[in-house]
Amino acid sequence: MSILHGKFLHGGDYNPDQWLDRPDILEEDVRQMKRAGVNVVSLGIFAWAALEPEEGKYDFSFLEERIQTLYENGIHTILATPSGARPMWMAFRYPEVLRVRAEGQKELMGERHNHCYTSPVYREKVWEMNRRLAEKFAGHPGVIAWHISNEYGGACWCEKCQEAFRGYLKQKYGSLEELNRQWWTAFWSHRYDCWEHVQAPSPLGESDTHGLNLDWRRFCSRQTADFCAWEKKALEAGGSSLPVTTNLMGFYDGLDYADFRDILELSSWDSYPEWHSGEKSDVQTAVEIACTADYMRCIQKDRKPFLLMESTPSATNWQRFSRLKRPRMHMLSSLQAVAHGADSVQYFQWRKGRGGSEKFHGAVLDHDATDDTRVFRDVAEVGSRLQGLEKICGSLVRPRAAILLDQENRWALEDSRGPRNDGIHYLETVKAHYGALWKLGIPADVISSDCSLEEYRLVIAPMLYLLKGDIAERLKAFVDGGGTLVGTYQTGLVNENDLCFEGRVPHGLTEVFGLYREEIDALWDGQCNHMVWNDREYVLTELCERIHPSSAAVLARYQEDFYAGEPVLTVNESGRGKAYYIAAHTGMDFLYDFYLETAPAAGAVPCMKAALPEGVTVTVRTGKETDYLFVQNWNPEDVAVTVEEKLTDFESGERIGAGDSLKLPGYSVRILERPAGSGNTEHFE
C-alpha cells in the first residue's frame with residue numbers, strides 16, 4: 001500500500017515561496033496541476049528564509065494556505081524541512097555554521113549544503129524549525145510524509161568536526177595502540193602518540209594513510225546520517241508520526257546510504273539520466289538507471305516500494321549538454337522507475353523560476369506558463385496512465401539474484417594505489433554484471449555486503465576487495481546452503497580497515513572458491529589477453545589475476561603471456577552450492593553468455609519466457625495474486641517479441657498466447673499480467 005491510499009504519487013517540487021507576490025500564479029498552479037494529473041507536491045524544500053525571515057520570527061502562513069488549498073483540490077503534500085539552505089542572517093550571526101574546507105579555510109555564505117553537521121548552533125536552529133513545523137502541520141490530512149533536507153552531501157574540517165572524528169575513532173578502536181596497528185602507521189614513521197595529533201585527511205597534511213582516509217569517509221557519512229536522524233527526532237518531538245524520506249543521489253560516492261537504512265521509512269532518489277547522449281546509447285543509459293533504481297530500492301530494510309522524488313520532465317540545465325527527451329521517452333523513463341519498484345513519478349520542477357542557477361532547468365511549466373506544450377502533454381499523459389495502474393501500486397520487486405555494491409568497499413578499492421591507478425573501474429564492473437542480467441530479463445537486487453542473503457539463489461560479488469563484518473562467513477554459508485556465488489579478481493585482500501590480510505587470499509573464501517591468488521597483472525589500455533569458454537573466444541582486459549586451484553574445476557585458461565595455460569575461469573562445489581571465480585576483466589559478451597547459462601541453473605530465471613531483442617528488457621512486480629511484467633523497448637525503432645507463455649495486456653485486456661508476437665513501438669513499454677507463480681517468478685507475500 002502506498003502512502004497515498006494505494007495510489008501512485010504524481011507531482012513535483014513546488015516552490016510557491018518564490019511567487020508570494022503573485023497570487024494569480026498560485027491560483028493558476030492549482031488549476032494546471034489538476035489538468036496534469038498531479039496529486040502530490042514536495043513543498044518548502046529551500047524555504048527557510050520565507051519561514052523564518054528574522055531570527056525567532058516564524059511565519060508559516062503561506063505554507064498553511066498552500067497546503068489547505070492543495071488538499072481541497074485533491075493534491076497532497078510531502079512537507080520538507082528547509083535545512084538544505086539556511087537563511088542569510090544565520091550565516092552572518094553564527095559563522096560557526098559554515099563549513100571549513102580541507103585546507104582549513106572557512107567558506108563564505110553562498111550556494112547550499114555548506115553547513116556544518118556537527119555545529120551545535122545549526123543543530124539547535126534546525127531542531128526548533130522542524131519541531132515547530134511538525135506541531136503545525138503533522139496532523140493536517142493533506143500532509144502525508146516528511147522530506148528531510150535535500151540531497152545531503154559534503155564534509156566539514158572545522159575543529160568541532162575534528163573533535164567528533166577523534167571521538168568516533170576512540171569508540172571504534174579503544175586505544176591508540178590498536179589504531180596505529182590497524183592503520184599501519186609505522187610506515188613512513190607516522191605513528192600517533194596522542195589522540196590530539198589525529199587530523200582528518202587534507203591535501204596540506206596526511207592523505208596517504210588509507211585507514212585514516214577510509215575512517216574519515218565513514219565518519220562523514222555517519223555524521224550526516226546522524227544529522228538526518230536529529231532532524232527526524234525534532235519532527236517527532238513536535239508530535240509527528242508520519243513517514244520520513246530524504247532524496248538520495250544514486251551512486252553518489254560521498255555517502256554510504258546504508259547508514260540511512262535505520263532512519264528512513266521511505267527511500268527516494270533523484271534521477272537525471274543523459275538520454276540521447278553522444279557517448280552512450282539509450283540502452284546503456286537505461287541499464288545504468290535500472291541498476292541505480294534497484295540500488296535505491298534496496299537501501300530500505302524491507303526493500304518495499306520507493307519514491308522517484310525528482311526527475312526532469314524535459315531537460316536539465318546543469319549537464320554538459322541539455323538534450324530534450326525524444327517523443328515517448330518521458331513515458332518510458334517514468335515507467336522504468338515504476339517497473340523497478342517506485343510508487344511515484346515526481347519532477348524537479350513544477351514551474352521554472354525566473355532567476356538563479358536553475359532558471360532554465362526543465363519544468364512542467366515553462367516561463368510562458370502555458371499548458372499547451374509538448375512537455376505538459378507528456379506529463380499529463382503519465383499522470384493519466386498512472387491512474388490506470390493503481391492495482392499495481394504497492395506490489396513488490398523480489399528478485400532471486402543479488403549483486404553486491406558496497407560503498408566502503410568502493411572507497412577502499414579506489415584508494416588502494418594499484419594495480420591500476422588509471423581506473424580500477426569498480427562501479428563500472430558492477431554495472432556490467434548487472435547489465436548482462438538486464439539483457440536477459442533477469443531482475444536483480446543491488447545490495448551492500450551487510451544485507452541478508454537468505455532470499456537469493458544467485459549472489460554476484462564483483463571485486464569484493466574489502467571484507468567487513470562477517471561477509472566471508474555469510475557467503476560461505478550461502479554457498480554451502482545451495483546458493484551460487486560469482487566472485488572475481490581483487491577479492492578478499494583487506495580487512496574492514498584496509499589492512500592487508502596475512503596468508504592466502506581471497507581471505508576466508510579460499511575453500512569456497514577452491515583456489516588461492518598469487519598475483520595480478522595490470523594491462524595498459526589497448527592491451528589484452530584471451531580465453532576460450534564453451535568453444536568461443538573472449539577478450540580479457542585491464543586486470544588478469546594468476547590463481548591456483550585446489551579443488552576448483554578449471555573452465556577456461558589464459559591464451560597469451562607468460563601465464564598462458566593458467567586458469568582464468570573456475571567453478572567449485574562447496575556444500576550444496578557452487579562458487580564461480582572470474583580471474584580477469586571481461587567484456588559484456590562473456591558476461592551475457594556466462595549468465596545465460598549459469599543464472600537459470602542457479603534459480604535466477606528471466607521474468608518472461610521470450611527471446612528478447614537487443615535493447616528490450618522485462619522487469620516484474622509481484623502482488624498477492626498477480627505478476628505485472630513491464631516489457632520495455634529502449635530502441636527508437638519498433639520491435640517485436642515472440643512470447644512463449646500465456647499473458648494478458650494489463651491495460652487493454654488483450655490476450656497474448658504462446659507463440660504470439662508482442663509489438664513494441666520505439667521508446668515504449670507494455671505492461672502484461674499473469675497469475676502470480678504461474679510464470680518464471682515465485683510468489684511473495
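Along the sequence shown, the residues carry numbers beginning at 1.
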Taking atom [atom1] of [X] and atom [atom2] of [Y], what is their separation to the nearest 0.5 Å?
X: Phe478; Y: Ser574; atom1: CZ; atom2: OG; answer: 11.5 Å
X: Leu307; Y: Met296; atom1: CG; atom2: CE; answer: 12.5 Å
X: Gln490; Y: Arg420; atom1: CD; atom2: CZ; answer: 11.5 Å
X: Ile671; Y: Leu629; atom1: CD1; atom2: CG; answer: 10.0 Å
X: Asn529; Y: His585; atom1: CG; atom2: NE2; answer: 14.0 Å
X: Leu405; Y: Tyr257; atom1: CG; atom2: OH; answer: 12.5 Å

Pairing of [X] and [Y] as salt bridge, 4.0 angstrom limit:
X: Glu573; Y: Lys578; answer: no
X: Glu454; Y: Arg474; answer: no
X: Glu178; Y: Arg181; answer: yes
X: Asp208; Y: Arg417; answer: yes
X: Glu408; Y: Arg218; answer: yes
X: Asp253; Y: Arg217; answer: yes
X: Asp262; Y: Lys301; answer: yes
X: Lys476; Y: Asp470; answer: no

So do [Y] and [X] actually touch side chain to side chain, heavy atoms under 4.5 Å?
X: Ser449; Y: Leu466; value: no
X: Leu332; Y: Trp634; value: yes
X: Pro419; Y: Ile424; value: yes

For residues [X] and [Y], report the shortest heavy-atom separation together with the two atoms involved.
X: Arg621; Y: Ile392; answer: NH2-O, 3.9 Å
X: Tyr558; Y: Ala584; answer: OH-CB, 3.8 Å
X: Leu467; Y: His507; answer: CD1-O, 3.2 Å
X: Gly514; Y: Asn572; answer: N-ND2, 3.5 Å
X: Ala611; Y: Val641; answer: O-CG1, 4.0 Å

Could you verify whether a donor N or O on one side chain and an acceptor N or O on the other, from [X] and [Y], lie under 3.5 Å apart?
X: Asp406; Y: Tyr426; result: no
X: Thr185; Y: His190; result: no
X: Asn534; Y: Glu597; result: yes
X: Tyr563; Y: Asp521; result: yes
X: Ser448; Y: Arg261; result: yes
X: Asp256; Y: Gln407; result: no
X: Asn247; Y: Ser268; result: no

For the pair Phe594 and Tyr580, name the ring-plane relationship: parallel under 30°, tilted 30 to 60°, perpendicular over 60°.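 It falls in the perpendicular class, over 60°.
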
Fit a plane to each ring of Phe219 and Phe165, take the angle between them on a 0 to 90° scale, and name the class: parallel (under 30°), tilted (30 to 60°) or perpendicular (over 60°).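 Plane angle between 30° and 60°, so tilted.
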
Indicate every side-chain donor-acceptor pair of residues 432-447 with a distance under 3.5 Å to a residue at least two apart or in another chain.
| unit_1 | atom_1 | unit_2 | atom_2 | d |
| --- | --- | --- | --- | --- |
| His433 | ND1 | Tyr595 | OH | 2.8 |
| Tyr434 | OH | Ala290 | O | 3.2 |
| Tyr434 | OH | Asp294 | OD2 | 2.5 |
| Asp445 | OD1 | Arg297 | NH2 | 2.3 |
| Asp445 | OD2 | Arg303 | NH1 | 2.5 |
| Asp445 | OD2 | Tyr456 | OH | 2.7 |

Sort and list the pairs that fulfil ring-ring contact (aromatic ring centres under 6.0 Å, His included) and have at least one residue in residues 283-304, not counting sequence neighbours.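 Output for this query lists Phe251-Tyr295.
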
Quick one: list whatever passes salt bridge (charged side-chain N to carboxylate O under 4.0 Å, His left out) with Lys280, sequence neighbours left out.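 For Lys280 the salt bridge (charged side-chain N to carboxylate O under 4.0 Å, His left out) partners, ignoring immediate neighbours, are Glu288.
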
Flag, side chain of Glu455 to backbone of Arg400, donor-acceptor distance under 3.5 Å: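 No; zero donor-acceptor contacts below 3.5 Å.
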
